[in-house]
Each structure stands twice: as structure tokens, then as C-alpha cells.
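Remarks on the structure that follows.
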There are 4 protein chains.
Amino acid sequence: MKIDQQQIADLNQKHSDLHKRQLENLMAVFSGSLTEKVINKLIDFQVALPSWALGAGGTRFGRFSYGGEPGSLEQKIEDIGLVHQLTKTAGAVSLHIPWDIPEDIHAVKQLANSLGIVFDAMNSNTFQDQEGAGKSYRHGSLSSVDKAAREQAIAHNIEVIRIGEQLGSKSLTVWLADGANFPGQYNFQTVLQHTEDSLKAIYGHLPEDWKLLIEYKPYEPNFYSTVIQDWGTSFMLANACGEKAFTLVDLGHHLPNTNIEQIVATLMMKGKLGGFHFNDSKYGDDDLTVGAIKPYTLFLIFNELVYGMENNPQNPPLAWMIDASHNIKDPLEDLIQSLDAILVAYAQALLVDREALREAQQTRDVAGCQEILQEAYRTDVRPLLKEARMRSGAAVHPLEAYRSLQVRKQLIEERGMKVRATGL
Amino acid sequence: MKIDQQQIADLNQKHSDLHKRQLENLMAVFSGSLTEKVINKLIDFQVALPSWALGAGGTRFGRFSYGGEPGSLEQKIEDIGLVHQLTKTAGAVSLHIPWDIPEDIHAVKQLANSLGIVFDAMNSNTFQDQEGAGKSYRHGSLSSVDKAAREQAIAHNIEVIRIGEQLGSKSLTVWLADGANFPGQYNFQTVLQHTEDSLKAIYGHLPEDWKLLIEYKPYEPNFYSTVIQDWGTSFMLANACGEKAFTLVDLGHHLPNTNIEQIVATLMMKGKLGGFHFNDSKYGDDDLTVGAIKPYTLFLIFNELVYGMENNPQNPPLAWMIDASHNIKDPLEDLIQSLDAILVAYAQALLVDREALREAQQTRDVAGCQEILQEAYRTDVRPLLKEARMRSGAAVHPLEAYRSLQVRKQLIEERGMKVRATGL
Amino acid sequence: MKIDQQQIADLNQKHSDLHKRQLENLMAVFSGSLTEKVINKLIDFQVALPSWALGAGGTRFGRFSYGGEPGSLEQKIEDIGLVHQLTKTAGAVSLHIPWDIPEDIHAVKQLANSLGIVFDAMNSNTFQDQEGAGKSYRHGSLSSVDKAAREQAIAHNIEVIRIGEQLGSKSLTVWLADGANFPGQYNFQTVLQHTEDSLKAIYGHLPEDWKLLIEYKPYEPNFYSTVIQDWGTSFMLANACGEKAFTLVDLGHHLPNTNIEQIVATLMMKGKLGGFHFNDSKYGDDDLTVGAIKPYTLFLIFNELVYGMENNPQNPPLAWMIDASHNIKDPLEDLIQSLDAILVAYAQALLVDREALREAQQTRDVAGCQEILQEAYRTDVRPLLKEARMRSGAAVHPLEAYRSLQVRKQLIEERGMKVRATGL
Amino acid sequence: MKIDQQQIADLNQKHSDLHKRQLENLMAVFSGSLTEKVINKLIDFQVALPSWALGAGGTRFGRFSYGGEPGSLEQKIEDIGLVHQLTKTAGAVSLHIPWDIPEDIHAVKQLANSLGIVFDAMNSNTFQDQEGAGKSYRHGSLSSVDKAAREQAIAHNIEVIRIGEQLGSKSLTVWLADGANFPGQYNFQTVLQHTEDSLKAIYGHLPEDWKLLIEYKPYEPNFYSTVIQDWGTSFMLANACGEKAFTLVDLGHHLPNTNIEQIVATLMMKGKLGGFHFNDSKYGDDDLTVGAIKPYTLFLIFNELVYGMENNPQNPPLAWMIDASHNIKDPLEDLIQSLDAILVAYAQALLVDREALREAQQTRDVAGCQEILQEAYRTDVRPLLKEARMRSGAAVHPLEAYRSLQVRKQLIEERGMKVRATGL
């Protein structure tokens, strides 16, 4: 389906007067140059949607399907195109291989191009066995004590790079699920050494202008240990690989109470933060809508990201992606809400008075530091988002537009109730 | 020291124009009757400050003193008076016995009265040994296997009630630190039975119009088990005592990731939520400034509190108190920030469109439910707080006023640098 | 397949001499009457295996199949029969409906009977949608705001009771997965009230000699809240239903650091502990082999269970079950290891010198209490398990026997590599 | 006080027969060369006791004093001498400056020497303000934005090295408590850079044959962030300092559910594990008796330590220390129990059949790997400890000897009931 741009314009029109007033009110507090800067930053900010996030997610206890799920890679890209048209923030797709191997690369590129979508980081998969695979990953892939399994996993990653090159991607994200369910199941040092060697082998096939992004995660799907369990291990491996290797932070991949913003600051200071996966969680890797549970933490993380982007030239531009699972919401609504929450946190972080903060930190004015952050956080930044959307041709209120344009209804009519998207 | 009310009025004057504009802007979105209702609720909301929170707190690793700490109960009440004058939200004190036994009850009441402060819940202490005490609480108090220790602890609680009666308090809060550091140290069933019996004995001495508030906490100062470890145990004990006994929720007294708002809702539904201790935390009972770490959780809790206050006539009015520790901030600044955060969350919760929420819940519109809560939460409610303060004679921006009036400097001049307040 | 009892006897013979010596050595420390008592208790102890635990488990990220998985209820019961023959501890099955609806009830009963297996608690399922179901449980079942969904879920539970009656079961276990992924998604009080009403409706259909066992769990598959989130909620609901309703504790269903043994003690004291699901975990509901991660905690829990069974006549006999998931081990090996760990912990708990412990607790000898528990825990109790097995006709070393008899190989030959068991 | 060695011998005599039998029984299962090796390893294993652990510990809620606490450094060393005489495992002391600055270094060395005690790692303290200090550490020490505070903290560490050199110590342990209680309080990157620079400055004063041991801890006494929050940060800083700098692991300094044994294995593989602080905990840095809560985890950690000591020549010998707090037990009893638990875990780890384990890991025999670890863990290794003690002249059962010799009673007689040891 296609959304007529005029329809969006008409919907926006209705918001116009109130928006104007709210924006002016905001500009009575913040300077015009600052608000202008924020608006432009918001317009530029683009987040990749992963190809597996367009269908319903699930848990080990089951999955509730959604009508109109995309049945092919093309339909997935079309869905991202719809989200992008409504938000102008989702101008990239992150492909997962082998769930979404393009059959006709040229056609897929053309389709994406026509929708304003580029190909961001490629994702490999060595945590599931594929039909007819020579070796099972039951006991590990890049870390396996079985050399043939390691070689199969390395070859798969190289194949993913090859596909990515044709699509114009510039990075490979490796999430290594390898781990153990039981004490003693493997030797920690052996599997770590295998992992380092395997990553180096993949790194050796990385094109000159590519990055290797190494995720970490403390547990799940393995429940005793995970080979790359924390940022320290990922950082160590990235350093071992070389200067094109970086750590990737997924918000849900931490033990309870971890101070994630501190990790972000440390990695950017060392020039080793390569990418970021957005989601939210209360218990573990819950993969909920971004900002749905801990919006203040998200703000604090953006506070470090903004600081790093302004002060750490040693750190490259980051690969941004939403990595959530949509178990009970319409996936497109969920993504729209996530994009909204990301921009809210980003705008708030951009409003932080950094000069005053530096001064308060320097004079050890603890209560003052808190006031400065809360001043930004308590501000209603939505007028800035709306202005950015108006200027870029997005819907001022994307979720409202999505509903009022009855997108889901049309997708069901086109695709039916029973299609099931590939992915988790 | 005393703050001249005119000084506050002068400071407020400077904020007047911008405030007016911001309030009008807010009223362009929310109806006048709603904003008026919120403003009046904010004016009425009063939070008790505990007598031990006016001095510097500390950890087991040390304590950094603060200049101008109050050296007597009278000075503590004066400090609360200052906070109350600046905020008009701190119109109550919660005394801790034996740290703050009034020597001249009449004089103390008169002093509090002159400052607009009433006496809220009384707090007993059976977690420390007092000089010359007959029995040590090293191995427990109300739960002890030593009958004499139990009796001493019961008698202390009765004494606290007696003092409270003279002051006009109407409730006793029991935080029972009793617990074990090691498996096997005590018999779970024995200590639970002793605790129930001891609480009933105290309950038997409760005046007709009093409430008994029973706290719970999973750990600290004992690190294997705590006799009243969770709301379930407190609720069971309150039911065993009778209809004047209730559970008291302290925000920091939960295991990682506990859904506190659900506990609040359950207790109010059952008419058994008696009081609430505010603070914030990231790891354990960190006792940080309210709203400094998880403001969204605070909002969600207020969302349940507001719902309960409107829909649960079976639940009595609650005793509100701030229970934080001030390790590196000026305690008065910390309290002012806490009161601010409480009102922000309360105002946001009052703005939730409950009719729309009920409708969205009824139609299982999950994304819609989230939008409704976030609409309220993302609103900048500070104009409502400012209006409430203007009307009640508080400072529009209490922290700014506190600093501009140089309150701490005057307290140090009056009291010196080296006084140490009683308490933790 | 069938194991020839003589083969077991032959294998046991080889262990005979060393075993004799080890048992005698143990009896040099503990009295003959005590060791005899322990051996008999071990012989009597029977744990149900759930019908869904005979096949490979999985996570949301995938599942690695196992050769020779049972393809029918009959084959599942045969598998339990094999485990029971090797251990003499698995003399019960716990059925899950609708995964394992018996087609010919009489035949199934006869099969179970021939293998020495009885039918323990029945399990209902309202967390997944069944093919052709009128109502989806996407938004809840017993707690749903949709009356028709609640009625469907109630009717399903009554149907499960009906099937159970024919099989000779005496209890129904309700694990209610209902919950919310997002704040605001439902009203806490409304869903709790619906749940209470639905459970009462089911309770009304409970045969006179049946028990209703109510599980609790803090999260998963819902990641913001769960309707029955903790023992306090389950206990409250069980009390509301009546004296045939009890709380069921699953070891994996707790927040980090929960003191489970204290919950067990409290429930037994109140006569409300109805059943127990064994497994082990490090992070969440990891469903690992019993005793694989925290064997000392398991011992401490058994310490309370033994105390309760000896001192709490108000509490009925418990329903014991293993509820683990077998993601990378042969399910039968996993179950054998779990049964082993259960008996080890039980034997250790039975060796605790309760008289000395009571005395040490009474005299507040904290170090002494610890010594008494550790004395029992550090004892190598395996000779007692071996003796119990010898006497009951089980294999002295069941896992060794399972391997030496090549059970899995025969199952694969009989059933093939590609069958997939129903269940998670 | 002094213990007559003959008294110990007499007590041991009473255990002799049963011990002999139990040891023989163990040797029926394990080879004589293995048991002999284990016994010798146990004899050689020496753990330092910190000078602050001889008195009662406390929490922020209070402290219960103990009779006979040591009132001077000399008395502390005497107490360690008593523990060492009873156990022959506590042949080292770890001093804390400024709590225990020796007045007469020569005399203190002579005293320690006469008791068989050497001086292990020195501990500095920049988390408390000392009387008359020029700069407060309220807002940090080595990480402070205040250059003078940093310089004071660096100078203090250099002074600690200087004292240590005279005593024969060979390492400095830096536990940096610096952190923030509130978001925004400091700039993460700034304080990390200051910390690195400060540590390098201290490292520059390290004698050639010394080691710098850098601790990490996620929280407490600061409750939002800690500068050196995890092993990754410590490892990065140690690498920045140089080859004499190492990470020190304290068992209680981790977030919930951290896999500590994996960290140990990684650090030893990289040659960067310098020291180890023993204690146990359920919730946070609870500082309980070693092995009192999670003995299996302790075993798994020793399993990695033993592996590393046998296979990682790149890693230096480790500094072992007990770092517990004794809130309700007699400190000497607590230390004796801790030493016991350490040896139990060490002996179990030494019994692991490493060749079989390697083989089972190689063949991906997951259940088999678990069996091998549990075989060692379930063994009652106490006969090996007793034999080691017999041979080295320690008491076979140190706690029993401590009590039967009435050590505490004599200490109270000598020192009185009211002395208070310096320290926490």
C-alpha cells in the first residue's frame, strides 16, 4: 500500500495552530539558535529498523499472530517505507541473514531507494540451525570446540558481508549467542580464544570501509554463561581485532541495575562505540517499546551520546537500530512509538545546558547538576519533534496518522490475516 | 533563623510574567476545570519530613558532616519550618524515638504549631541498642527468642505511642529490622510467630483513632533474611492485628525489578495501604532524592495512588513521608528537590485522562493505553506547581529561593560548622 | 523399549563392595536409626514428571531437537516409566492439557499402572491459543476484561478437572501467565478482581478430595507485570477461594535474591503450601537441571520442607514435580540428574540435627547454627541414596545405567530422529 | 593471650581414630597421589587477614560491640596469631592505613614474625576524611575534579607504599570508592581520565618488585555510579598503568547474577588477576562469612583459580585475603569459619578430574561435564583438611578448639568488654 503525501499534509494542517503556539512558548525559554539546532538534529537523526521487526514477536510460551504481516523481504521494506513516510526517522533497514536473503538484489535496492531507505548494518545468525546445515550450533558456533562448526560460522559471516557489499551496507553486527547452560560445560579460556580467533578471521574479510560491531549479552539463550558476557569482553575482542572493530550496545543486554550510560561514556572516550540497539526492559532482554519503562535512563544515555558526538572525534558515527519484539502490539505502531521515544530523549539531551553543567560539576554543586539535567528532562520537547516532522514532510503525530489512514486495515486486505513473517 | 515572607514574594514577582504565559499555554491543552482541580490538589498535598533527615546521612564507610546541622529537636523543627515556608508542602514532622524525645512537649508543640507543622506518624527504634538498655537487640527485638528482649521492645513501642498522643500524632510506624545474617540462625516460623504476638501486644495499646503502620524490607541491616521481608508478610500481619493495622510501603524496600505500583494497587483495593515513604534508588535502599533515578516509576506509582484515592473508599487517607539520606547534598536542598519531584509526579498522575484510559483498557488498545499515560507524563507540569505555590505563599522556585536567601550560610552562622544531628 | 530388571541388578552388583564400605563409614558418624530413617524417607519420596518434559525444550531463539523424542502421550509415559525403573523416584506423571489429552483414558491408565506411575496434579493452559479457539488469550484469560475469554478459560479448567478425575488425579495446578507488557495496559485492581472471581468459579467445580494449586511468577511471558506476581498474591487468592486452595512454589518464579526458603516456611506455617516445582536458575525462570546452579539453596529449602513436614500438621502433603526445560541435554539424562540432586538435598536436610539446632538458636549461638547446617550439607550423602536404590530395585547409579544400557540409542531406533514432542 | 601448642595436640588426639578411618575411606575412591597432592596444597595455602577484621563490623544502622576487641595494632596481630595457630592458614596480615599505622615498625615486624605472620598487600584509604586533612574526599579522591584533592590522595598512597616497604609487603591494593550519587554529578569521561592519571602517578612510585592491585565495585558507598565499576574498567586501567598493575576481585563487588568465575578465568588467561578478596553475600556487598550463602559458586571460582594456577604461567601468584564484616558473630569465630570454607572449596576444586573434564568438554557431553564437577563437589573433603591440619600442627577442628580453649573469655579478661577496634 501507499500513503498519499497529501493526506499527511491534511492531517498536519489540523495541528498547525496549537503547534505554533506551543513552539513559541518553548522558544520563550530556550534561545532560537538552540531550538533551531535541536530541530535540525532531529531531522537528521535516522534509525534503522531490522527486517525481523515487522512481524509479531513471541516468547518461548507462544506467539500471537498479527494480520497483514509481511510475507517477503519486499513487503518488509514496504512496511519500513510506511513508517519512514510517517516519521521521516526510519530511513534505513538492517537485514538479518538467512531470514531475509534478497533474491533479486538489484530489485530490492531499487525498492528501498524509491522509499528513501538505505541498508545499514548486516546481521548474521549462528544461533539457529538452518535446514540442511552441515554442522549444528547446539554447542556453539564461533566459539565451538568443533573446528568444523567454527569454520561454518565464519563462512556464514563472510557470506553476509558479501551480500551486504552488494546492498551498500557498511557494517556487520555479530551477536554471538554462544554460551553454556551448566557449570563445566565448556572451558572459559578455550571458548574465548576460539571466539577471538574466529572474529579475527571474519575481520580479515571485512572491506576497507566497513566496521565490525560486536554485541555482548550476559544471558539468554544460555543461562549459565555467555562467551561475550559484557562490554569488557567485547571491548577486549574489538581491540584484538583492530581499529575497524567496535562494541555494540543493546539496551536490554545487561545485568540488573547496570549503569549503561557510564559504559557508553567509557566506550566513546576510547573511540570504540560502534552501534546502538534501542529497546526497553524491566527484567531482562524484554525487548519492549523504547522508552516504555525507563525513559529517564534513556535520556541519561542520550546525554552521554550527545556529549560523545560533540566531544569525542575519536569515535566514529554510530549505527542506530531498534531491536524490539512486538508481542501484543501492532508491530508498526510499536515502532512508531519507539521512534517517538528516541526523539524525545534525544531532544531533551540536546537541551541540556552543557556549559552550566560543566561549571556545576567543577564547583561540586551536586544539587545544581541535578537541576540542570531535570530542567531539560522535564521540558515538554514535543513541539520540537512536531516542528522537525512538519519541515521534513512527516506526520506531526505519526501514530494518529497511522490510525486515521487505516494502514493496518489496508495491509490485512492486501496480505490477509494468516501470513507469518520470518524471524523470531 | 527566619525567612521574611516579603522576600519570597519579591522573588516570586520576578517569575510572574513567564509563569503566567506558561500556565496559559498549558490551559490551551487541558481544560480549566482540570487544571484548577490539579492546582488545588497540589496545594493540599502535605508530606511529613522525618526528624532524622535534617542532618547529613552516611554509609557504613563514613559520613561527611554538614555545617549548620540542627543540634536539637527544636532546631530540627525550625529547619522543617524553613522548608515548609519555601514549599508549603512540608507541613508535618515525623518523630523518631529515642533520637528525638521532646523534653518539653508543650513547648515543642507550640513551636511546631507556630510554623504550621503537625505531628505525623511516630517512629520507634528497636534496631539499635540505647545506652544502658537492659537487653541488646543484637539478636532481634519484637521477634527475638529472648522473651525479655521482646518485652523491652514492646514497652518501647508503647512508650512511643504515649509520647505521640501528647503531640497529637495519630499513628505509629514500626520498621522491624529483625532478621538473620546466616542460614539457620533462627527458625523462620518461631520468629514470625513472636513478631505477630508482639505486634498484637502493641496494637492492644493503640488509641482508638490511631493506626499501626507495618513496614517491610527484604534486606539490610540483615543480609540473609528479614522477618517482615515483603508486602505479603506485612499484609498478613496487619490482617492478624486488626482493622487499624496497615502496610506501609517504602520505595527503597524491594528486591530488584519489583513492580511496586502493582503492590500499591493491591493494597489499596484491599483497604490496607496505610502509609508511604518516598525516596529513590538504583541498587537497594539507597535513600536518594525522590525522583532522581526513576521518575517514571514514581509517576506510575502516583497513578495508582490517585486511582486508589478516587476509587477505594475502603482505604484510609495515607501518611506521606520522605525517607531519604543526604550524604553529599545539603539536606535542606535535598528535601526541597524531593518535594518538587513528588509534586511533579502527582500532578502528572492527576492529568491522566482516566476515562480514556478505561476505554482503551476495555478495548485492549495497548498502544493507546501507553499513549494516554505518556501524554500526561511528557507534559511539563511545572506551571501547575508554580501556580499552587503562588497561591499558597510558597516560593515559585523553592531551591532558587533557598539559595538566593542564603539560608545555609545563616544556619552555619547561628549553629556553627561542627554540630552533629542525632540520627543515622 | 523395556529395561530388563536383571540388567540393573547386574550393574548394581559391580558397585556393591565399595558402596557397603561407604555406607558403613557414614554410619560411623550418624546413628543407625537416623540413617535407616533417611533411607526409608528416600525410598518413599516420589516426584512427578510433567508430560511436556520428555522432549527437547527451547528458547524464543530456537530449539535443537533430540532423536527419539516421544511422539504420543503413551510414549511419554513410557519414557517416565524408564526413568522410574532406573530411579524408583519418578512414580508419577503430571499431565498438561491440551498438549496431552488422552484419547483412550482406560488404556493410558492401564499403561501407567503397569509402569508403577500414578497421575499427579493436572495442568491447564490458558497462555496459548489453540487451533479454532473462539477467543484469543492475547490479552489475558482468567483475568481478561473480556467476559467471553474468561468464561472460555474457566470452562477449559473445568474440562481439565473432568479429565483428571477419570485418571485418578487429585489436584489442579493453575499457572496464570496473564499480565501486561506495558504500564497502563490494564487496571491492576480490575484484573485482580476478575482473577479472584474466575478462580472461585473453578474452585466451585473442584471435587471434594481435590486441591487447587495456584502458581505465582513475577514476569515472563509478560514483561511489565503479572497478575499473580508473588506468593502474597497467590496466598491472598487461595484464602479467598477456600480451604482446598493452596499456593504452589516454582523455584524459578522469583525476583533476584528472593529468600525462597522463608516463603516456604511461612506458607507451611499457615497450612497453605500445596505443591512444589523443582528446577534451578541463575538469572530468571531458566528451568535448568535441579541443583545445577545453587545446590545450597536447594538444601536450605529442603531444610524448611522437612521441618514443615515434621512440625506443621496443618499443611497437607505436597505435590512434587520437576519443571525444567532441556535445551541441550538428553531430556532423560537431565531428569535423572534432577532426581539425583533432589534426593541429595533431601537426605542432607534429613541429617540436620534439629535438636542441636533448636538449642543453638535458643542460645543465639550464630556460628554454632551455621556449623550444624554445614555439618549436614558437607556430608557425602550418596551412600544413603545408593542404599535406598538398592533396596527399591533402582539402579545404584541411574545415569551410568542409562548410558550403559544405551537407552537413547534404542529410543532413536524405535522412534526415529525427527519426531517432535508436543509442548514448549 | 597464648595458646599452648600441647593443648591443641591433646584436642587433636581425640579426633584421631575417626579421622584415620574417614581419610582411608576417601582414599578408597581417590588415588593416594592425588590425595597427597591435595593435602600438601592445603598446607601451603595461606590467606591474609585484614587488620580491620578483628573487631565487630557494623552497618549504617548501627554496630553491636564485642568484648575483648583488640585496641591496638599489636593486639590485632596477636588475634591473627591466634587464628593462625589454630588453623595454620592465616599466616599473613593485610594492613589498612591510616587505621593501623605502626608506631614502632621494628617491634611490629618482630611480633608478626614471632607468630609466623608476614605482611601481605597494603590498603590505602581515600574514602574517609581524616582528622585535620587539608582536603575532603566528599566529592572524590583520585578521580576528583579538584587537583589538590587528587594530589593529597596520591601522596597518601605513596605514603602507604613507603610504610609497606619497611614491613616487607610487596603490593598495594587500591579500592577507589569514588563515585556519584546522582546523574550529572560528574562527567564520566573526566573522572575516568583523572583516575587513570592518578593511578599512573602512584604506579610511578611502585618499587620494582611490587604489584598494584586495582579493585572494582559497582555501587556503595555511592549509589548512582562508581568510577571503577567493573572488571572491564579495572582491566583497562591496569593495562594503562603497566605490567605490574593487576585487577583484584572481591566476591561481593558485583551486580546480581554476575558470573564471577568467568571473570576470573578471563583475567588469568590475560595474566591480569592480581588478588582475591573472599566473603559471601546474597544481596550486595554483604561481607558475610565465606561460603555461608553460595558455597557452590565458591567452588566454581576455585575451579577456575586452580585451572589458572596450573595452566596460566602468564599470571602471577595471587594475593588472597578475607574481606568480611562481623556484625553478629565473634570476629575470630567468623574468620575461622571463613578459612574452613575456603579450604573446603579449594580441596573440592583440586579433586576435579581435569582430564576427564577436558574430554567431556571436547565431546560436548554436557551431562557428563556436570557429573564430573558434582562428583568433586559432593565429596566430603573434610578428612583432607583434617589431615593437613594434623600435619601442620593446627587444630583438627579449629572452631571447636577455639571454644574449648575459651579464647574469647580470656581476651575479655585481658582487654575488657568495652574496647573498640579501629576500622569500619
Side-chain angles (χ1 to χ4, degrees), chain B residues 56-66 125-130 136-140 175 177 179-185 218-226 252 255-257 279-289 291-295 324-329 334 337 423-424, chain D residues 56-66 125-130 136-140 175 177 179-185 218-226 252 255-257 279-289 291-295 324-329 334 337 423-424:
Chain B
T59 72
R60 64 174 169 140
F61 294 105
R63 181 179 179 278
F64 298 101
S65 289
Y66 222 84
N125 175 340
T126 62
F127 54 89
Q128 291 178 324
D129 287 346
Q130 303 307 324
S136 169
Y137 296 137
R138 178 199 293 265
H139 298 293
W175 169 50
N181 273 321
F182 301 100
Q185 182 181 328
Y219 65 95
E220 199 212 20
N222 286 290
F223 296 108
Y224 167 64
S225 73
T226 301
L255 291 173
N257 307 336
N279 50 54
D280 211 340
S281 58
K282 186 171 174 65
Y283 302 100
D285 189 27
D286 306 339
D287 279 341
L288 300 179
T289 319
I293 304 292
K294 299 175 188 159
S325 178
H326 319 290
N327 296 336
I328 53 167
K329 282 184 191 166
D334 204 337
Q337 288 188 312
L424 288 183
Chain D
T59 72
R60 63 174 170 139
F61 294 106
R63 181 179 180 280
F64 298 100
S65 289
Y66 221 84
N125 175 340
T126 62
F127 54 88
Q128 290 178 323
D129 288 345
Q130 303 306 324
S136 169
Y137 295 137
R138 178 199 293 267
H139 298 294
W175 170 49
N181 273 321
F182 300 101
Q185 181 181 328
Y219 65 95
E220 198 211 19
N222 285 290
F223 296 108
Y224 167 63
S225 72
T226 301
L255 290 173
N257 306 337
N279 49 54
D280 211 339
S281 57
K282 186 172 174 67
Y283 303 100
D285 188 27
D286 306 341
D287 279 340
L288 300 179
T289 319
I293 303 293
K294 298 175 189 159
S325 177
H326 319 291
N327 295 336
I328 53 167
K329 281 185 192 165
D334 204 338
Q337 289 187 313
L424 288 183

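Just so you know, these numbers come straight off a predicted model, no measurement behind them. Convention: sequence-line order gives letters A, B, ...; per-chain numbering from 1.
Proximity of B:Arg60 to D:Asp287: side-chain heavy atoms (C-beta onward) are separated by under 4.5 Å at one or more points. Using a 4.5 Å cut-off on side-chain heavy atoms (C-beta onward), D:Phe64 and B:His139 make no contact.
When all heavy atoms of B:Asn327 and D:Arg138 are compared, the closest pair comes out as O-NH1, 3.9 Å. Considering every non-hydrogen atom in both B:Phe223 and D:Leu288, the closest pair reads O-CD1, 3.8 Å.
Here the options are B:Tyr224, B:Tyr283, B:Tyr219, the test is side-chain contact (heavy atoms from CB on, under 4.5 Å), and the partner is D:Tyr283; only B:Tyr219 passes.
Highest contact tally toward chain B, considering only D:Pro221, D:Ser325, D:Pro256, is held by D:Pro221 [criterion: heavy-atom pairs under 4.5 Å].
Contacts of D:Pro183 with chain B are made by side-chain atoms alone, with heavy-atom separations under 4.5 Å and no backbone atom involved. Interface remark: D:Asn125 contributes no atoms to any contact with chain B (heavy atom separation under 4.5 Å). Looking at B:Asp285, both its backbone and its side chain come within 4.5 Å of chain D, counting heavy atoms on both sides. Residue contact with chain B, scored on non-hydrogen atoms closer than 4.5 Å, involves the side chain of D:Ile293 exclusively.
Residues meeting the side-chain contact (heavy atoms from CB on, under 4.5 Å) test with B:Ser281, sequence neighbours left out: B:Asp286.
B:Asn181 CG to D:His326 NE2: the interatomic distance, rounded to the nearest 0.5 Å, is 12.0 Å.
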